[in-house]
Undergrad: 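Dumping the structure here so I can ask a few things about it.
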Amino acid sequence: MEIFERLKQMNNGQSNERYVLFKLNRNSVYYGVDKNKKYVFVIESLHPQMRPSVQKTKELVFGFNMKCEMLISDKLEEKTVHILTCKSEREENILAFIRLTESFSQNVSKENPYMLNE
């Protein structure tokens with residue numbers, strides 16, 4: 001799984017106080033690691049003026065409309081995004097997280113780019 005391998009490589013690097021991301025070849029969809037070296041799935045918000053919110057479960061954190069500094073391909077950017085964080089360190093859970101988010105990202109289209117904003 002290409003995404004998993006890239007994420008593992010990113011997690012072996014230095015710790016960073018920002019999100020460190022790489023962009024998929026899709027509309028504003030990113031994967032990466034947070035400052036705690038947890039894996040994240042990120043999509044840009046179409047409505048940055050909306051109030052941010054956060055929901056947590058045992059294994060996931062979902063940040064809606066979060067304004068963040070992120071390092072994307074070695075370029076520092078500030079964006080308002082939706083972030084899904086996988087808190088699990090178990091490989092099978094991480095792979096399930098990637099499969100789920102990858103499936104979701106394949107349905108992102110220009111006509112309906114972010115179903116989260118509806």
Undergrad: Run the side chain to side chain donor-acceptor pair (under 3.5 Å) test against Lys38 and tell me which residues pass, sequence neighbours left out.
TA: Glu89
Undergrad: Mind checking whether Phe62 and Met66 sit in one hydrophobic cluster, side chains of I, L, V, M, F, W, Y counted as touching below 4.5 Å?
TA: no
Undergrad: Using the rule given for side-chain contact (heavy atoms from CB on, under 4.5 Å), can you reason through Leu21 versus Tyr31, listing the C-alpha separation, both sets of side-chain angles and the distance that settles it, and then say yes or no?
TA: CA-CA 5 Å; Leu21 307 173; Tyr31 280 94; over 6 Å; no
Undergrad: Answer yes or no: is there a donor N or O on one side and an acceptor on the other, between the side chain of Thr101 and the main chain of Phe97, under 3.5 Å?
TA: yes
Undergrad: Would you name the heavy atoms of Glu59 and Ser88 that are closest together and state the gap between them?
TA: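 Scanning both residues completely, I find the closest heavy atoms to be OE1-CB, 2.9 Å.
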Undergrad: Roughly how far apart are Leu60 CG and Thr85 OG1, rounded to 0.5 Å?
TA: 8.5 Å
Undergrad: Is the backbone N or O of His47 less than 3.5 Å from a side-chain atom of Asn65, with the two atoms forming a donor-acceptor pair by type?
TA: yes
Undergrad: Working to the nearest 0.5 angstrom, can you tell me the gap between Leu71 CG and Lys75 NZ?
TA: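 Going from CG on Leu71 over to NZ on Lys75, the span is 11.0 Å.
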Undergrad: My understanding is that only residues two or more places apart in sequence, or in another chain, count here; which of them pass ring pair (Phe, Tyr, Trp, His ring centres under 6.0 Å) with Tyr39?
TA: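 So Tyr39 forms no ring pair (Phe, Tyr, Trp, His ring centres under 6.0 Å) with any residue.
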Undergrad: If two hydrophobic side chains count as joined below 4.5 Å and joins carry through other members, does Phe22 share a cluster with Val42?
TA: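 Different hydrophobic clusters.
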Undergrad: Tell me which pairs pass salt bridge (Lys or Arg N to Asp or Glu O under 4.0 Å) where either residue lies in residues 76-88, with sequence neighbours left out.
TA: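 Residue pairs with at least one partner in residues 76-88: Glu44-Lys79, Lys67-Glu78, Glu77-Lys79.
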Undergrad: Please list, chain by chain and in numerical order, all residues satisfying side chain to side chain contact (heavy atoms under 4.5 Å, CB included) with Leu100, sequence neighbours excluded.
TA: none
Undergrad: Cluster question for you: counting only ILVMFWY and a side-chain heavy-atom cut-off of under 4.5 Å, with indirect links fine, are Ile94 and Phe104 together?
TA: yes
Undergrad: Could you tell me if the side chain of Ser28 sits less than 4.5 Å from the side chain of Ile43, heavy atoms only?
TA: no
Undergrad: Dump the intermediate steps for side-chain contact (heavy atoms from CB on, under 4.5 Å) on Tyr19 and Ile83, then the final yes or no.
TA: CA-CA 10 Å; Tyr19 292 91; Ile83 304 169; 3.6 Å; yes
Undergrad: For the CG atom of Asn93 and the CD1 atom of Ile98, what is their distance to the nearest 0.5 Å?
TA: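 Result: 11.0 Å between the selected atoms.
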Undergrad: Might you point out which heavy atoms bring Val40 and Val33 nearest each other, and give the distance in Å?
TA: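 Shortest heavy-atom separation between Val40 and Val33 comes out as CG2-N, 3.9 Å.
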Undergrad: For residues 48-55, which side-chain donor-acceptor pairs fall under 3.5 Å, sequence neighbours excluded?
TA:
none

Undergrad: As a quick check of understanding, evaluate side-chain contact (heavy atoms from CB on, under 4.5 Å) for Thr80 and Ser45, giving each step before the final call.
TA: CA-CA 6 Å; Thr80 300; Ser45 173; 4.0 Å; yes
Undergrad: Measuring from Phe41:CZ to Leu24:CG, what's the distance to the nearest 0.5 Å?
TA: 7.5 Å
Undergrad: Flag yes if Phe4 and Leu84 sit in one hydrophobic cluster, no otherwise; membership is Ile, Leu, Val, Met, Phe, Trp, Tyr, and two members link when side-chain heavy atoms are under 4.5 Å apart.
TA: yes
Undergrad: NE2 of His82 to CG of Leu46: how many Å apart, nearest 0.5 Å?
TA: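 Between His82 NE2 and Leu46 CG, I get 7.0 Å after rounding to 0.5 Å.
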Undergrad: Can you check side-chain contact (heavy atoms from CB on, under 4.5 Å) on Met70 and Tyr30, steps first, answer last?
TA: CA-CA 11 Å; Met70 45 198 84; Tyr30 307 87; 5.8 Å; no
Undergrad: Working to the nearest 0.5 Å, report the span between CD of Glu69 and CG of Leu76.
TA: 5.0 Å
Undergrad: Is it true that Glu5 and Lys8 make a salt bridge, defined as a side-chain N closer than 4.0 Å to a carboxylate O?
TA: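 Salt bridge flag = yes for Lys8 with Glu5.
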Undergrad: Is there a path of hydrophobic side-chain contacts, each under 4.5 Å between heavy atoms of I, L, V, M, F, W or Y residues, that connects Val81 with Ile72?
TA: yes
Undergrad: Which residues satisfy the side chain to side chain donor-acceptor pair (under 3.5 Å) test with Glu92, sequence neighbours excluded?
TA: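 Listed in chain order: Arg90.
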